[in-house]
Colleague: 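Pasting a structure here, questions to come.
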Amino acid sequence: MEVYVIGLIYGFFFQNADIAVGIFHSRKEDFIVEKNKKILSVDLTTIGRMSKTQCTAFCAQLGDRCCEITYITSTQECKLDQSGCCHTGFDSVFGSNLIHPSSTHGVTQTLSVTNGGAFGVWKSAEFCTIGHYAIGFRMKIEGYHEDRSELNAIEIICGNRGGERCGDTASSGQQVWGYWTGEALCPPKTFLTAYSLQVHPYSASYDSTGANYLRFRCRYFKDEFDVVDLSYPPGIGRYGTYGEWSDSCSVNSAICGLQTKIEANQGQLDNTALNDVKFFCCE
C-alpha cells in the first residue's frame, strides 16, 4: 500500500509540473559561484520547498528547459537553472547539494561498427560534461606521406539540450601525425546519434592506413525521425570503403562520448594510427 501511494504521488508530480510551479511560486535570483578564481553568474528559478527527489523529478519533467539543479538542504529549496547545460562550475558550492539528473543514468548504449581495423589498443573513453551531448565533430588527418596513416584522431564537440555550444570537447586517444580539419556541425538543436567508418583493410603488399574517415547522422533528441547525414567535405578519405552504419542512439538520448583504438608508433614499419572507434549514448 505504501509503495502504491508513493507511486501515485510521483505520477501526479510528473504529470502536473506546470501546476506545481503555480503552487510553489517561482522567483528569479542571481547565484554567484567562485571556483578556480572564475566568477559564474547564473540566473536561477527558485521553485519552492520540496524534497530532493521531488526537485529532481521536477527538473526531469521540464526536459529541455531545465539542465541543472541546486537543492538547498537547510531550507529544502529547489532551484532550477533554466538557461541550459553550459554551467559546469557548481560542484563545490557551500551549503548546497547540486544534482545532475543525467548523472544517474550514465551510458545507455555503446555504438560500434563491424569493419574497424585490427591493430592498436583501446584507449580511455572520454565524455562530454554530464548533461552535454555531441553536436558536431572534427578529425585529425595525415595528408600524403611515404607512410600514410590518414585518420589519427576524432574530437566530438559538445553542447546543451538546446543545441547550444558549451565549450567542452572529447577525443579519447590519438596519434601525433596530421592536421585537424574544420568542424562539421549538426543542424540546430540536433545531435550525433549514429556513425559509419571508412577503413582501409590491412595488406602486406601495400601501405595500409587503417581508418580514413567517418560520417554521422544527426537527429533531434526526442525524435526518431528527421535524420540528417553529416560529414566533413569531401565526405570520404583516400583509401578504403565505408562499412555499414552503427545502431542509433534511442529516442531521448544522443552521443556523449567516444573511445578510440590506436596503434602505437611502428617506427620504420607500416603505421596505421587510428583503427577503430566506439561511441556512447547518454540520456
Colleague: Mark yes or no: Arg215 above the aromatic ring of Tyr195, with NZ or CZ under 6.0 Å from the six-membered ring centre and no more than 45 degrees from the axis.
Modeller: no
Colleague: Using side chain to side chain contact (heavy atoms under 4.5 Å, CB included), reason through Arg219 and Ser248 one step at a time and then give a plain yes or no.
Modeller: CA-CA 10 Å; Arg219 192 202 69 215; Ser248 178; 3.4 Å; yes
Colleague: Backbone N or O of Glu283 within a donor-acceptor pair of the Tyr133 side chain at under 3.5 Å?
Modeller: yes
Colleague: Test your reading of the model: is there a side-chain donor-acceptor pair from Thr169 to the backbone of Ile157, 3.5 Å cut-off?
Modeller: no
Colleague: Less than 2.5 angstrom apart at the SG atoms, yes or no, for Cys256 and Cys128?
Modeller: no
Colleague: Are Phe216 and Val113 co-members of a hydrophobic cluster defined by side-chain heavy atoms under 4.5 Å apart?
Modeller: yes
Colleague: Is it true that Glu183 and Arg165 have a side-chain N and a carboxylate O under 4.0 angstrom from each other?
Modeller: yes
Colleague: Strictly distance-based, threshold 3.5 Å: is any side-chain N or O of Asn275 a donor or acceptor partner for the main-chain N or O of Phe119?
Modeller: yes
Colleague: Could you state the interatomic distance from CG (Asp168) to CD (Glu126), rounded to the nearest 0.5 Å?
Modeller: 11.5 Å
Colleague: Quick one: does any side-chain atom of Gln259 pair with a main-chain N or O of Phe279 as donor and acceptor, under 3.5 Å?
Modeller: no
Colleague: Measure the OH-CD distance between Tyr239 and Glu150 for me, rounded to the nearest 0.5 Å.
Modeller: 6.0 Å
Colleague: Just how far is it from atom CH2 of Trp180 to atom CG of Asn152, taken to the nearest 0.5 Å?
Modeller: 9.0 Å
Colleague: Looking at Asp226 and Tyr220, would you say the former's side chain and the latter's main chain have a donor-acceptor pair under 3.5 Å?
Modeller: no
Colleague: Let me see the working for Val199 and Asn212 under side chain to side chain contact (heavy atoms under 4.5 Å, CB included), right down to the final yes or no.
Modeller: CA-CA 6 Å; Val199 177; Asn212 271 235; over 6 Å; no
Colleague: To the nearest 0.5 Å, what is the distance between CZ on Phe280 and OG on Ser253?
Modeller: 14.0 Å
Colleague: Quick check: does any side chain N or O of Gln198 sit under 3.5 Å from a backbone N or O of Gly240, one acting as donor and the other as acceptor?
Modeller: yes
Colleague: Any donor and acceptor pair, going by atom type alone, linking the side chain of Thr108 with main-chain N or O of Cys281 inside 3.5 Å?
Modeller: yes
Colleague: Please step through side chain to side chain contact (heavy atoms under 4.5 Å, CB included) for the pair Ile135 and Cys158, ending with a clear verdict.
Modeller: CA-CA 6 Å; Ile135 61 172; Cys158 307; over 6 Å; no
Colleague: At their closest point, which heavy atom of Thr181 faces which heavy atom of Tyr232, and how far apart are they?
Modeller: CB-CE2, 3.7 Å
Colleague: Under the salt bridge (Lys or Arg N to Asp or Glu O under 4.0 Å) rule, what do Arg238 and Glu142 come out as? Steps first, then yes or no, please.
Modeller: CA-CA 11 Å; Arg238 290 182 177 88; Glu142 182 184 37; over 6 Å; no
Colleague: Are Phe127 and Val277 linked, directly or through intermediate hydrophobic residues, by side-chain heavy-atom contacts shorter than 4.5 Å (ILVMFWY only)?
Modeller: no
Colleague: Can you confirm whether Cys249 sits close enough to Leu111 that some side-chain heavy atom of one is under 4.5 Å from a side-chain heavy atom of the other?
Modeller: yes
Colleague: I'd like to know if the side chain of Ser172 and the backbone of Thr260 have a donor-acceptor N/O pair within less than 3.5 Å.
Modeller: yes
Colleague: Does the Lys140 side chain pair with the main chain of Gln175, one donor and one acceptor, at a distance under 3.5 Å?
Modeller: yes
Colleague: State whether Glu155 and Arg138 are salt-bridged, where the test is any N-O pair (Lys NZ or Arg NE/NH1/NH2 against Asp/Glu carboxylate O) under 4.0 Å.
Modeller: yes
Colleague: Apply side chain to side chain contact (heavy atoms under 4.5 Å, CB included) to residues Thr190 and Val228 and explain how you reach the verdict.
Modeller: CA-CA 9 Å; Thr190 64; Val228 176; over 6 Å; no
Colleague: State, yes or no, whether a side-chain contact exists between Glu244 and Ser196 at a heavy-atom distance under 4.5 Å.
Modeller: no
Colleague: Which atom names give the shortest non-hydrogen contact between Ile255 and Ala194, and what distance separates them?
Modeller: CD1-N, 4.1 Å
Colleague: What's the shortest heavy-atom distance between Lys278 and Ser112, and which atoms?
Modeller: CG-CB, 4.5 Å
Colleague: Okay, side chain of Arg217, backbone of Phe191: is any donor-acceptor separation there less than 3.5 Å?
Modeller: no
Colleague: Look up atom CZ in Phe137 and atom OG in Ser171, then write down how far apart they are to the nearest 0.5 Å.
Modeller: 14.5 Å
Colleague: Under 4.5 Å between side-chain heavy atoms, hopping through other hydrophobics if needed: is there a path connecting Trp177 to Leu151?
Modeller: no
Colleague: Between NZ of Lys189 and CG of Asp223, what distance do you get to the nearest 0.5 Å?
Modeller: 13.5 Å
Colleague: Shortest non-hydrogen contact from Ala184 to Ser231?
Modeller: CB-O, 4.0 Å
Colleague: Could you tell me which non-hydrogen atom of Gly159 sits nearest to which non-hydrogen atom of Cys166, and how far apart they are?
Modeller: C-SG, 3.7 Å
